[in-house]
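Reading through the structure tokens given below for one structure.
Note that the structure is predicted; figures quoted are calculated from it, not measured. The chains referred to below are lettered A, B, ... by the order of the sequence lines, with proteins before strands, and numbering in each begins at 1.
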Amino acid sequence: MLKKTNAHTWTRSAAIVFVAVQLMLATAAIVVAAQRLRALDARTQLPPVRNEPLTVTPLYDDPRVITDAQLQDVLHALRPRLRHEQPKINHVDHALRFWGVEAEFADPECLSGREMRQLLIDHRLFQEMWGEDQQPLLIAGETGVAVRTQEGLATASHVDHTLATLAEIGTTLDHPVVTDQGIRSLHAVLEGSLRKFSLNQLEYEWSALAYASYLPPTKSWYTSEKQRVTFDDIADRIMRQRLNQGVCMGNHRLHALVVLLRIDDQSRILSDEGRSRIVEHLADATRRYVASQYEDGYWLRSWPAAEQAHDLVPEGDDTLTNRVLATGHVLEWWALAPSELHPPREVVVRAGQWLARTVTEMDEQTLKDNYTYLTHVGRALALWRGHFPHEVYSAPDSL
Amino acid sequence: MTLAIASEPQRDTAPQEPTALPALEPKLGTRLALGWNHVLATGFFAAFFVYLSYVPLFHTDIWGHVHYGHWILENRTLPQEDPFMPLTSGMRVVDNAWLSQVTFAGLDRLAGREALSVLFAVTVLATFLVYFRVFLRLTRTVGLALGACGLLFFMSFSRHAIIRPEIFGGLFFAALWWMLLSVEPWRNRTEREIRDDADLNERSWPAWLWIATPLMFVLWANMHGSFAVGLVVLGCHVAGHALTVLWRERKLFNLFQDRTFRRWVWLTELALVATLINPYGLDLLIETARFGKNPNLRDVLEWFPMKLVDLEGIQFSVSLIVMMFALRFSRLRFHAVDALLLLVFAVAVAPTIRMISWYAPVFTLVMTPHLADMYRRMRGLRRGQEPTPAQLAQRRMEDGAMPFAPTLICLLIVWTAFSFSPLSRPVLGGKPRSAEQLYSHHTPLQMTEFLQERTPTGLVFAPQWWGDWVSLHGPPELKLFMTTNLHLAPRQVWRDYLRVARGQTGWPRVLEKYHVTTLIVHKELQPDLARGVRRATDWEVIYEDDEALVLERKDTL
């Protein structure tokens, strides 16, 4: 009996010790596993961002590219006469980028910079101008705010175009954004973009601009696909495809690369090798542009073919729109690029003078039909005079 | 006085029969005296080995593993990212098969591709030999054990012929069962036998089990991700035994007092801790657990859900029918552990057909004792009735036959198998197999030679099942869109790959997006893409054979 009691006591003690040890082990295992999971998941959290975006300012002032008078004429022709029902959102965000939030106009048909920005980030004003039946431009969700894109005239034209525009004109992330679900901030729009971003999404040029503006000094982060991305990777992605592929004959990619270089000057976001690759790529693009410029000063889609460009123009491709598009865009990114990436100055002068003549000769309808491309023209010409458009434009006395 | 002459002993005058010589006692132990049933088993495994020796090396992921192994040996570190797919840059690699990859690459360097083939044959044979041993212990009959091996082969047929790190996982899985059998005395016993054996649960576990199990799991965790399946087996033992005790005792605290339950818990925990001994630590377990949830795998055949009309579905259906008969007619107890094992592994197969590799041995192991019992009842046999080899040897001696004849025949069979297999060539000489014999017929041998001569610049798009081969055997600077490591590809990249690989609308735009300059098409398995590229005006065919089409982008500007 005693032996049985002793055995029973021993078994009971062993069980108690066992349970105690198991509880300790289980607790330790859960704590360690939870910590590790948290650390792994933290990698895919949003990176730290800066409230005030880094911006890129003009570097050059050359009146040979465009004179003061010519610039005033061009800017006047391209003033944002968007105060009407249902202004195309595409026009609004291009115009905002062109003129900046500080722009004011005496012309009652024009929206001011603030009004243009308000239209993009305040659902109430959007609804006022587009009607209550129109789907909202801003889509509020749990993972941020998205801008409706490529769904018609009341939507943005490119992925993250609106966000990049707001970044380029210096909008802070704490700036309120009014959606139909309530008030958020621009930070929510950036958050929505980051959460959806994939390095291999179809359009990424404006995402690159926005991230270069708001992320530094952060240099790398994890996408929703759990891919670690750096600005070097974004630059390599931009440079991966053929030169004239991508929106606006590939020029937005080149522009994005220039902005990366300029931001890198302010806050190191590129590695030395990455920067070298970008400079080499842009230098090559410049060389091709120089070799393919038409005598009058414009370019066409075939610009990457350099010396053979004029022989490779597809039928129907030599249109005024394409000439303006190619010429305005390249002048714009050259205006922001380091001088070592410039062509001979006479190339720029020829292009600037051709644009000045062409824009001032356009009729109203042509201006309207090509407005988005022309915003790049206007901005480029102002930048070549060392200023943003709103800094130099003064309306004629008649207005 | 007449002297008596001592006379010689008297002899019969009639001729006599010569006296029989006494029987010679064998010097060899009778344990070496095999029976004719062993001849049958030897013949089966010898033929199996020869068959395995001539299974061609498959054209898919083995080459990715060999390539990784070479990379690891050259760089003396594990890759942080995939070294061969630039589009996966920034995606973390947790290489749970690194030791297998080093083994493959090391063998490839030392002894060439034939050595890989031999390794495959030896490993798979060893696996089945271990299972044979397990089945023999369960049934105590060579014929039944062979039958169980046949059932196992049938159940795992669809996955047996591919060399990959999984073959090591299979061997470890078999070894685990062999080890666990020593502490599963209930597995082939009737209810009465279990009841009558009072010491059944009190016998101590052998010391070697506590050492061998964690050691094996350390190796396993570094060779293949299937170590998780081994942990599941142990976990089922814990849970199954807990259910048994709780059912009996009806008190939770009594469960903790049960010594066997505590042992199972300790053994499982020991194995789990052992798996942490790897270059990634806890991350290996986390990533292994998460692996199956990778959305890219949903498009891969072996990760598809099971369909009853497919081969795996048929195998599974047969197993269900066999199970029903066993439940009805077997006298043996159906332990809670076995019920859990079957449930867990059956549930695992349903959404992912590749789990049939693990379901098959679990099913066979659980069912073998029951099937053996049913067989004996049908034949009117009793368990343990089969004579031992020693008894058979004795009978042969009494019958005047050679007691070791079957043993000698077994040796002859083994020798014959050896000499017919490529393994014998270093010893016996002979021509190595040609590339067409060594590699599976889908291996793009000639196309790869072409790529060596005309090195592509830029990104190369090839079907992912050829990606590993092309990456390893093509020019060193070749960069591929996709290999079988598709789980590393960002989701967008994988979706784009599928669009092109299936020749879906928009494939040219995708190739442009990635600036693919060379396109490789499998004509038979990618007919839509093959048709599309022939019509495309900006792609030029630069190579074609019976299987492959290689095209180059015309305008690279």
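- Between chain A and the residues B:Asp283, B:Asp496, B:Ile286, B:Val493, the most heavy-atom pairs under 4.5 angstrom are made by B:Asp283.
- The part of B:Arg290 that comes within reach of chain A is its side chain, from C-beta onward, which places non-hydrogen atoms under 4.5 angstrom from that chain.
- Minimum interatomic distance between B:Lys554 and B:Thr537 (heavy atoms only, all atoms of both residues): NZ-O, 2.8 Å.
- For chain B, the nearby part of A:Val21 is the side chain; its heavy atoms alone come within less than 4.5 Å.
- Interface remark: A:Asp236 contributes no atoms to any contact with chain B (heavy atom separation under 4.5 Å).
- Under 4.0 Å is where a charged nitrogen must lie from a carboxylate oxygen, and between A:Arg237 and A:Asp233 no such pair does.
- Looking at B:Val265, the atoms closer than 4.5 Å to chain A (heavy atoms on both sides) all sit in the side chain, from C-beta outward.
- Annotation: B:Glu249, atom CD; neighbour count of heavy atoms from other residues, nucleotides and ligands within 6.0 Å is above 12.
- For the pair B:Gln504 and B:Leu498, the tightest heavy-atom approach, listed with the atom from each and the gap, is OE1-O, 4.3 Å.
- Both the backbone and the side chain of B:Leu87 come within contact range of chain A, judged by heavy atoms closer than 4.5 Å.
- With a threshold of 4.5 angstrom between heavy atoms, B:Tyr514 approaches chain A through its backbone and through its side chain.
- Between the side chains of A:Gln150 and A:Glu203, at least one donor N or O sits under 3.5 Å from an acceptor N or O.
- For A:Val229, no part lies under 4.5 angstrom from a heavy atom of chain B.
- Taking B:Lys513, B:Glu81, B:Arg491 one by one and counting their heavy-atom pairs under 4.5 Å with chain A, the maximum is reached by B:Lys513.
- Of the two parts of B:Glu269, only the side chain, counted from C-beta on, holds a non-hydrogen atom closer than 4.5 Å to a non-hydrogen atom of chain A.
- Between A:Ala305 and A:Leu312, the closest heavy-atom pair is CB-CD1, 3.6 Å.
- The two residues B:Gly458 and B:Thr517 come nearest to each other via the heavy atoms CA-OG1, 3.5 Å.
- Closest non-hydrogen pair, A:Lys196 versus A:Gln201, comes out as O-OE1, 3.9 Å.
- Comparing B:Pro490, B:Pro295, B:Gly281 by heavy-atom pairs within less than 4.5 Å of chain A, the highest count is held by B:Pro490.
- With a 4.5 angstrom heavy-atom cutoff, A:Leu25 touches chain B only via side-chain atoms.
- A salt bridge does not link A:Asp318 to A:Arg301: none of the charged nitrogens lies less than 4.0 Å from a carboxylate oxygen.
- B:Asn254 does not touch chain A: none of its heavy atoms, backbone or side chain, sits under 4.5 Å away.
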